[in-house]
Structure formats: C-alpha cells, structure tokens
Amino acid sequence: MAAPRDGTLSWFLALTLGVSLIKFLLIKAYHSTDFEVHRNWLAITHSLPVSKWYFEETSEWTLDYPPFFAWFEYGLSHIAKYFDEEMLVVQNLTYASPATILFQRLSVIFTDLVFVYAVKECCKCVQGGKRPRDILGSPSFVLAVLLLWNFGLLIVDHIHFQYNGFLFGVFLLSVARHFQGRHLEGAFLFAVLLNLKHIYLYIAPAYGIYLLRSFCLIQDNSDGSLKWRNFSFIRLAALGIIVCSVFALSFGPFLALDQLPQVLSRLFPFKRGLCHAYWAPNFWALYNAADKALSVLGIKLKLLDVAKLPKASMTGGLVQEFQHSVLPSVSPLITLICTLISVSPALFSIWHRPCGARGFLRCCVICALGSFLFGWHVHEKAILMAILPLSILAVESKDDAGVFLILATTGHLSLFPLLFTTPEFPIKILLMLLFTLYSFTSLKRLFRPECCLINTVESVYLSGLIPLEIFCELIYPLTSWQQTFPFIPLLLTSVYCAFGIIYSFFRLYGILLRGPRYTTKRKSH
Amino acid sequence: METWAVASICVLLGLTARWTVSLNSYSGASKAPMFGDYEAQRHWQEVTFNLPVRQWYFNTTDNDLKYWGLDYPPLTAFHSLLCAHIANLINPDWIELHKSRGYESPAHKFFMRATVIFADVLIYIPAVVVYCLYLAQGSSKTKSSALLCILLYPGLILIDNGHFQYNSVSLGLALWGVLGLGCGHDLLGSLAFTLALSYKQMELYHALPFFWYLLGKCGKLGLTGKGLILLVKISLTVLVSFALCWLPFLFDPQQTLQVIHRLFPMARGLFEDKVANVWCSLNILVKIKTLLSVDTQIYLSFGTTLLAVLPSSIKLLMKPTFWQFRLALMNSSLAFFLFSFQVHEKSILLAALPACLLLNELPLMSVWFLHTSTFSMLPLLLKDNLFQPYIITSLGFIVFSLYLFSAVDRSSVDDLRLGPCCRLTGTNFLWFSFSTVVKLQFALSVLTMAGLSFMSAALEPPAKLPDLFPVLVSACACVHFLGFLLYFNLVQLTESPRSDKKKIN
C-alpha cells in the first residue's frame with residue numbers, strides 16, 4: 001500500500017505547489033486598504049504595550065479583531081523587523097516599501113500552510129476515494145482542487161489582501177476533527193478561531209447544538225428519541241473547560257486591565273450602516289433595490305415629493321449610510337431577529353434528527369448563509385464562509401454539488417467589484433474561468449452516471465452572469481451614464497447575485513430537511 | 001474529464017502565468033534616454049503610423065535610426081502599424097510623432113501588455129494546442145502534460161510578457177509551419193513559415209530544416225514527376241507570399257537593399273553583451289572580437305555554422321520524416337545560436353521551440369534544455385528586474401514537467417534514444433550505471449544553475465571583475481548547449497531506418 005499513498009502525497013503537493021506559485025506571482029498585484037490595515041496592526045502590536053492595543057487610534061484602521069489575532073500580528077511583527085523596521089512604526093501611515101509588500105504577501109502565503117494542512121485532513125474524510133486507477137476523478141482530488149484553488153480565497157487573500165486562508169484553515173481543521181470524531185479538539189480549534197476573528201460567531205449556534213446533541217448525549221433511544229439519562233456531564237464539563245479557558249486566555253488580560261468594554265466596542269461597531277459601500281448580494285440588497293425602484297416609480301407617478309426624500313437615496317450604493325425612502329428603515333435588532341429566524345429551522349433539525357458530522361456541516365453552511373443574507377453590515381467576502389465548507393459536501397452528494405455550483409459561481413462573481421483596477425481585470429476573469437470550468441466539469445464527472453447537476457432554469461440563470469459581467473465591466477463604462485450613475489453596475493451585480501444566493505439557501509434547506517441522497521456512492525462501488 | 005476541458009484549463013493556466021508575469025516591470029522601464037525593447041516597440045508604432053512607408057527604414061529628419069530604428073522585416077512593421085491604429089483610437093498621445101518618445105503610463109503598459117497576450121492567444125497558443133492534441137504521440141495524459149509544459153515554458157513568458165517582445169508571433173507562425181508539414185499540408189506550412197520569416201529574420205535559424213524536409217519529400221516522390229509539381233507549387237507559394245509581404249519595398253531596389261541592410265547589420269560585430277554562444281565564451285580566453293577583422297569574423301562564423309548544420313541537414317534530406325524534421329529543427333537552430341554572427345541572448349527561444357516539440361519523446365533532455373535556455377537569459381532578466389518571476393516560473397516549470405512526465409525515471413539508454421548510437425560505436429554501458437550518471441549530471445547541472453542564479457542576484461561582483469556573474473552564466477549555459485548539440489545530433493544521425501515507429505505521415 002506504500003505506492004498509492006506516495007501517489008496521494010505527490011499530487012497533493014503538486015496542487016499545493018502550483019497554487020502557491022500563482023500566489024507568488026501575484027505579489028506584484030494591486031492591494032487594497034486592508035494591506036494598510038494589517039500593516040498598522042503590525043505596528044500597533046509591535047510598538048505598544050498590550051494595554052494600549054485597543055485604544056490606539058492614530059490610523060483610522062483601528063484594531064477591531066479579537067485578541068488572538070492581535071497576538072498573531074504580534075508574532076508576525078517579530079519576523080517583519082528583519083524585512084523593514086519602518087513598517088512597524090505606528091506613525092508611518094500608508095507605508096508600503098517593496099520589502100514591506102514582500103513581507104506582508106509572504107506572510108499570507110506561508111500562513112496559508114495551515115489551510116493546506118486542513119485541506120489535507122478534509123480530503124481524508126470524504127468517502128469514495130477508492131479508485132486508485134484514476135486519481136483525477138477521485139472525490140478527494142476534486143475536493144483538494146476546489147479548496148486549494150478556490151477563486152475567492154485567491155483574490156481576497158492574495159490580491160485584495162487578508163488572512164482568510166489561515167483562518168479558514170483553522171475552521172476546516174476543526175470541521176475535519178469533528179468528522180474524525182475528535183470532538184474536543186474540534187471544539188478547541190473553533191474556540192481559538194472565534195478569538196481570531198469573531199465573524200465566525202455566526203456559525204457558533206451550529207457548533208453548540210451539534211456538540212450538545214451528538215457529543216454530550218452519548219446514545220439515543222432505539223426509536224431515535226432523546227434519552228436524557230445518557231447525557232454525559234463529564235463531556236459537557238470538558239467542553240466547557242476547554243472553551244472557557246481559551247476565552248479566558250484571550251480576553252483575561254483585558255478583563256484584568258478593565259478594558260473589556262473598550263475591546264467589545266471595537267469588535268462590534270454598530271455605527272456602520274446596514275449595507276457595506278458595495279452591497280453584499282443578500283436580502284438587504286434586494287430590499288434596498290426595491291426601495292429605490294419604488295421611490296423612482298413614486299416620483300414618476302407623482303405619489304412622492306422629491307423634496308421630502310432623503311438626499312443620499314438617489315446616489316446610494318456609494319455612500320455608507322443608505323436611507324430608505326419608501327420602505328421602513330432597518331435596525332440592527334431587526335437584522336439579528338431575521339438572522340435567528342432564518343437559521344433556527346436548521347438548528348432544530350439537527351437537534352431532532354442529527355445526521356452526523358455531515359448534517360452538522362450542512363447546518364454550518366446554512367448558518368453562514370443565513371447570517372450573510374440577513375446580517376448587519378455584511379461584507380461580500382463573507383460568502384466564502386459558506387462556499388468553502390460546502391465544497392466538502394459537494395464532492396459527496398449530487399444535490400449538494402448542484403447547490404455548490406450555483407452558490408460558488410454567483411458568490412465568486414459577486415466578489416468581482418473587490419478588484420476594480422485595470423491590470424487585475426484579466427487576472428480575475430482568468431482565475432474565475434479556471435475555477436468555474438474546473439468545478440463544473442469535475443463535479444459533473446464525479447456524478448456522471450446520473451443526469452446533470454443543475455436544471456435548465458438554473459443554467460440559464462448562471463449563463464446570465466456572463467452578459468451581466470460584460471455589460472457591467474466593458475460596456476457600461478463606455479456610456480455616458482458612468483458619470484451620472486456610477487453605482488448601477490454594482491447594484492446590478494449585487495441584485496442579480498442575491499437571487500442566486502437566496503435560491504441556494506432555500507435549496508440547501510430543502511436538502512437538510514429531506515436528507516441528502518448519497519446514491520452515487522453505492523452505485524460506484 | 002473531457003479533453004477540451006483539460007486543454008482549456010491548461011490554456012487558462014498559461015494565460016494566468018503570462019498575465020501575472022506581465023504585472024512586473026519591462027525592459028528599460030523609466031531608464032531615459034534610451035529605455036529598452038518596450039520603447040522600441042512603441043517607437044515603431046509611432047514611426048509606422050506617422051511616416052509614409054518609404055521612410056520607415058531610412059534615416060530622415062523624422063526617423064532617427066539610431067533611436068530604435070526599425071530593424072525587423074516588413075511584417076513586424078505592419079503589426080506595429082496595426083497596433084498603432086488601435087493605440088490612436090484609445091489615446092493619440094501614445095504615438096504622437098517625436099513628442100511621445102519615452103512615453104510611459106500604467107494605461108499604456110496595460111495596452112502594450114494586452115497586445116502581446118492578444119497575439120499569443122491568436123497565433124501561438126492555438127498552434128500549441130493543435131500540436132499537442134493532434135500531432136503529439138501518447139496517451140491523453142501525456143498530451144495534456146505536454147500542452148501545460150509548453151504553455152508554461154518560462155523563457156518565452158519572461159521575454160514576451162516580462163521583458164517585452166512579440167516572439168510568440170514569429171514562433172507561433174513557425175509552429176503553424178511545422179504543423180502544416182506534420183499534417184501533410186505542405187503548401188499551408190510553407191506559407192506560415194514564410195510569414196514567420198517575414199516577421200523576424202531570426203527565423204532563418206529554422207529555414208534549413210524546412211527546406212531540406214520539403215526537398216527530401218519531393219525527392220522521395222520522384223523529382224521528375226509528382227515531386228517536381230510539388231516543388232514548383234511550394235516555390236510558387238513561398239515566392240508569392242514573400243512578394244506580398246515585401247510588396248511596398250520591392251518597387252525600388254534601393255528600398256529593398258536598405259531593408260536588407262537594416263535586417264543584417266554586419267557592422268555590429270560578432271556578438272553583443274553576454275550571449276551563451278561559442279564566440280562569446282571563446283572571447284573569455286582569446287579576444288577574437290578585437291583580434292580578427294570583421295570580415296574574417298563573418299567568414300569564420302558562416303563557415304562554422306554551415307559545418308555544424310551540415311550533418312543533420314544531409315540526414316534529413318535522406319530521410320524526410322516528421323521525427324527527423326523536428327530533430328533537425330532543434331539541431332539547426334542550436335547550431336545557428338552557437339556559431340552564427342550577431343546572436344542575441346533571446347535567440348535561444350528559437351531553439352526552445354523545437355525542444356518543446358520533443359517533450360513527449362525525450363522528456364528529460366527537453367526539460368533540461370528548456371531550463372538551461374531560461375537560465376542563459378538570466379543577465380538580461382536581472383537587468384529588467386525580473387528575477388522574482390524568473391525564479392517562480394522556472395521552479396514551476398521544472399517541477400511540473402519532471403513530475404508530469406516522470407522525466408527523471410526515464411533516463412535509460414533507450415529512453416534517451418541512444419541505443420543505436422551505443423550499438424554503432426560498440427559502447428556497452430551497464431544500463432543501471434548509465435541512468436545513474438545521467439541523473440547525477442542532471443542534478444548537478446540544475447544545482448549549479450540555481451546556485452549561479454542566486455549568486456548573480458544576491459552577491460556584489462568583485463570590483464575588478466564587474467561582469468563576473470554574467471560571464472559565468474553564459475559560459476555555463478554555453479557548455480550545456482554544446483553538449484545538447486552533440487546529443488541531439490547523435491540522436492538524429494544514428495536513428496536507424498528500421499526503428500521508424502515515430503513516423504507520422
């Protein structure tokens with residue numbers, strides 16, 4: 001058995017090396033203000049005492065990630081000083097020497113190794129990889145490509161600039177540990193992850209329910225109903241100790257310094273608007289668009305008075321604060337309630353009918369999608385939280401594969417506005433084509449004996465993305481409207497993609513409630 | 001996966017590599033007053049757009065030939081003119097006569113880079129795809145591996161999309177010529193090759209094999225019957241297509257002579273800068289460039305080149321098969337590179353093209369050669385600030401080509417097609433030891449090249465020898481190339497008539 005195992009290792013290394021080389025080639029590409037954000041955090045954590053980390057505000061990009069991420073930057077800063085000491089000075093705003101750029105880019109590429117390891121662990125968990133005759137067609141190979149070569153991660157991390165690869169590495173590793181039955185380890189990793197980036201709180205409910213139901217309850221009655229006598233308090237205590245000690249390690253120092261309120265106010269800034277400058281393709285994008293359409297219609301029909309409308313509403317999409325003119329305004333509380341309502345059926349479902357680690361993972365995806373669709377001030381990048389874990393499900397069941405294709409394609413296309421500079425335009429098109437072409441052909445091949453993965457309406461909708469993109473990026477800038485209504489392409493993109501993402505959300509719910517069909521596996525064996 | 005999907009993925013990867021490399025700097029970026037090849041190409045657009053055709057190759061008040069005067073054949077000039085028209089639509093400042101000298105801006109860089117990749121997509125890449133899918137031997141896996149490796153060959157990417165040139169046009173046209181001959185469409189093949197030759201005179205490196213192959217084929221058909229008709233047809237195609245390309249310059253003998261004079265500048269000496277060819281390397285020991293007169297240098301280089309090409313030409317004439325043709329292309333271009341007059345370091349790309357075509361049959365040697373060819377251009381790439389993409393693309397190429405072809409394991413006497421040679425000379429290698437020796441040599445050579453690369457980039461040369469690293473690099477590459485010339489000649493010359501499995505038509 002030594003030879004096949006070596007084979008697995010070699011193709012995995014080849015895939016990793018290939019994508020890493022592309023990342024190296026992207027060092028020279030454009031980087032967004034997030035580059036400066038992370039440089040500033042390097043400087044803050046390196047040159048200031050811990051007590052000042054969450055108070056420092058020389059730069060507008062104050063530290064707003066949880067403490068572990070600050071420590072992560074602190075660790076990086078000790079390597080950074082060998083590249084260029086100047087980047088570690090808080091006052092050097094927008095400092096970007098070649099050495100700084102090199103260091104920051106390399107730091108993303110090398111911390112991605114955590115992601116690579118996590119992907120390797122995930123590949124071991126998928127079923128049906130017993131066809132050594134044809135490596136290219138095995139689920140684990142497809143999964144490795146879908147994760148390692150993920151379009152969104154490539155452009156968000158290695159062009160736009162963020163550390164999502166590292167964070168998703170921790171997340172996927174935690175998921176893999178649950179698949180392998182190492183629940184305590186999985187819980188520990190997730191607690192660490194929450195203290196690296198608190199956006200993962202959105203999927204915490206899925207973790208909580210799953211661990212209580214499938215880990216703390218040792219065994220069910222034969223009819224599947226709950227048996228509280230089997231509740232293991234030792235396991236609950238172990239979980240509690242692990243999670244609490246991680247949080248204590250992270251927030252303890254700030255509690256001791258009596259800075260907890262300040263830290264929390266940095267982590268949860270509700271002063272921002274409902275939507276980001278570019279509307280993430282979620283429910284609120286549709287809501288805003290409907291509001292705008294109604295107000296335009298109202299003015300046309302003379303039902304509304306132009307003078308009474310809020311000023312910003314007609315140039316919305318480019319301003320942070322968007323005021324609704326017809327529909328009622330939305331408060332953070334309402335978004336929270338909507339989010340909870342949207343994910344609660346999924347949580348109930350895995351409580352009443354646990355489907356093992358796969359059901360849990362599907363619930364994670366639904367939680368991520370629900371919060372993406374209804375959350376407050378959602379960034380378009382957050383869609384990766386749903387796409388990446390869904391990749392694991394997609395290589396195992398035909399239904400999930402169909403949803404994955406729709407969600408990944410629309411979600412990735414909705415990331416396009418992140419890269420608006422001309423030299424990067426061909427890169428995003430090429431990488432998108434590469435990923436989309438691969439995901440379609442490989443998943444189709446994986447489930448070949450059966451009919452197509454997406455139906456006609458869905459494929460028409462997805463093909464519609466091509467003319468949409470051509471119109472928004474190539475034709476519209478040439479028209480005179482570009483000057484007067486520059487927000488139209490962004491609006492069109494987010495509204496069009498919102499439909500696809502909402503649709504995949506409901507289809508995923510359908511699969512969760514009905515139970516997925518793993519028919520292909522039986523057939524192929 | 002279906003073949004088309006795999007092929008598209010390979011093409012997309014090739015394009016991604018090209019575009020990401022093109023984000024880097026180009027030759028002569030903000031280096032006034034002369035700039036580099038990027039400015040040369042822009043200047044040609046300016047000249048061809050603003051001046052009448054008869055002034056293009058002449059020194060006039062509006063056309064200073066000392067400042068990047070046009071020195072490529074007419075097709076290049078027409079290509080520049082086409083690009084100039086597009087540039088004029090976007091921003092006339094880019095090609096304004098005199099005033100646009102040294103024009104540089106991000107938008108202009110984008111435009112220039114886009115023209116290169118557009119030419120690539122139009123000419124070179126389709127040729128490679130057609131070659132790999134329809135002409136190359138082997139399973140679909142080897143075919144797609146070859147496609148990926150050829151498209152990721154770093155030398156061409158770094159020179160075209162980094163340094164800035166349009167080699168993919170001339171190489172692509174030459175490849176279409178090879179395809180034409182390989183598929184039996186001799187007329188189309190000769191048309192494509194004539195176009196290549198009218199785009200870049202350096203394509204002469206490939207001209208002899210084309211000539212001998214077609215002549216040999218006509219000979220086989222019988223020079224009195226069918227062969228003669230074919231020969232006449234081919235000559236007519238070549239003459240007519242040449243005449244069409246050169247039409248504006250043919251009416252006035254002075255024009256024709258001036259163009260030819262511009263194409264072959266004999267006064268520029270035996271070699272320039274540091275080239276990995278024989279003359280430049282000999283110059284380290286004996287200063288031939290100063291010792292000999294220019295005329296002697298010309299005769300010397302002409303004679304040695306002919307001598308080096310002769311064996312492979314004769315063999316090809318005797319046995320005009322596609323396999324022999326590809327080997328002859330390799331031998332001829334390499335001999336020209338090593339021995340001819342006025343060779344540029346970039347001309348090694350002409351030998352790299354046939355090496356790409358041999359990837360399927362001789363993986364180890366082709367990969368080794370292609371890697372060496374990229375390495376031989378290192379001094380140039382360092383000058384252009386392309387060290388980083390050089391390291392990344394070379395690493396990617398060598399790892400993936402060795403991995404996909406399992407090239408290192410295919411190093412026995414028979415894999416290297418040296419069996420007939422050994423039988424002829426009576427050499428009796430122990431097979432095991434032969435393959436080990438080859439592997440060791442390969443490892444040693446790759447390590448040497450890597451070491452020299454990092455030394456050139458990181459170390460300051462001693463004050464007395466400022467050119468130490470470029471000289472070491474070119475001498476090292478030259479030794480390699482001589483070895484390759486010997487090897488490929490051995491393979492071509494000793495191929496026995498019976499082991500003729502590779503014949504296509």
Side-chain angles (χ1 to χ4, degrees), chain A residues 7 9-11 13-31 98 101-102 105-106 109 134-137 141-142 145 149 151 154-155 158-159 421-446 448 478, chain B residues 1-25 90 105-114 117-118 121 140-141 144-145 148 152 154 157-158 161-162 385-386 388-404 406:
Chain A
L9 191 66
S10 74
W11 64 250
L13 285 180
L15 282 178
T16 311
L17 181 73
V19 77
S20 304
L21 290 174
I22 290 193
K23 292 171 187 172
F24 280 114
L25 283 174
L26 289 174
I27 287 178
K28 285 277 160 75
Y30 143 90
H31 52 81
I101 295 178
L102 185 69
R105 292 286 198 199
L106 289 182
I109 296 172
D134 183 16
I135 295 163
L136 287 172
F141 181 86
V142 175
V145 181
W149 287 72
F151 166 79
L154 274 179
I155 70 160
H158 301 278
I159 302 180
T421 44
T422 333
E424 280 70 27
F425 176 71
I427 299 182
K428 70 178 178 188
I429 299 285
L430 288 170
L431 288 177
M432 175 79 181
L433 282 177
L434 201 59
F435 184 82
T436 313
L437 181 69
Y438 181 79
S439 54
F440 271 81
T441 49
S442 64
L443 287 176
K444 204 171 129 195
R445 181 192 147 116
L446 214 50
R448 195 161 38 188
L478 300 177
Chain B
M1 247 187 286
E2 297 93 334
T3 317
W4 70 266
V6 178
S8 325
I9 285 173
C10 294
V11 170
L12 285 171
L13 283 172
L15 287 174
T16 310
R18 279 167 170 70
W19 192 264
T20 43
V21 166
S22 77
L23 295 175
N24 286 278
S25 146
I90 303 170
S105 77
H108 186 246
K109 181 181 170 191
F110 182 85
F111 165 74
M112 295 293 270
R113 296 295 200 195
I117 218 155
F118 186 73
V121 171
S140 63
K141 190 197 163 225
S144 15
S145 310
L148 186 65
L152 288 183
I157 299 182
L158 290 169
N161 304 88
N385 275 328
L386 291 171
Q388 190 180 308
Y390 159 77
I391 290 294
I392 300 165
T393 50
S394 301
L395 183 69
F397 175 76
I398 197 148
V399 170
F400 279 94
S401 50
L402 293 181
Y403 171 68
L404 289 172
S406 341

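The sequence lines fix the lettering, A, B, ..., with proteins before strands; numbering per chain opens at 1.
Most heavy-atom pairs under 4.5 Å with chain B, from the set A:L431, A:I27, A:I427: that is A:I427. With chain A as the partner, the residue from B:T393, B:L13, B:V399 showing the most heavy-atom pairs under 4.5 Å is B:L13.
Contact record, B:L23 with A:P423: CD2-CB, 3.8 Å, taken as the closest heavy-atom pair. When all heavy atoms are compared, the tightest approach of A:A14 to B:F400 is O-CZ, 3.2 Å.
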Trace of the side chain to side chain contact (heavy atoms under 4.5 Å, CB included) decision for A:F24 with B:T20: CA-CA 10 Å; A:F24 280 114; B:T20 43; over 6 Å; no
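Here OG1 of B:T16 is found 9.5 Å from CG of A:L25. Values are rounded to the nearest 0.5 Å. Between the CG atom in B:L12 and the OH atom in A:Y438 there is a gap of 14.0 Å [rounded to 0.5 Å]. Rounded to the nearest 0.5 Å, atoms OG1 (A:T441) and CH2 (B:W4) are 6.0 Å apart. Separation of atoms CD1 (B:I117) and CG (A:L430) is listed at 7.0 Å; rounding is to 0.5 Å. Put simply, CD1 on A:I429 and CG on B:L15 are 12.5 Å apart, with the number rounded to the nearest 0.5 Å.
Using a 4.5 Å cut-off between heavy atoms, B:V6 does not touch chain A at all. At a 4.5 Å heavy-atom cutoff, B:I391 makes no contact with chain A through either its backbone or its side chain.
Side-chain N or O atoms of B:W19 include none that pairs as donor or acceptor with a backbone N or O of A:E424 at under 3.5 Å.
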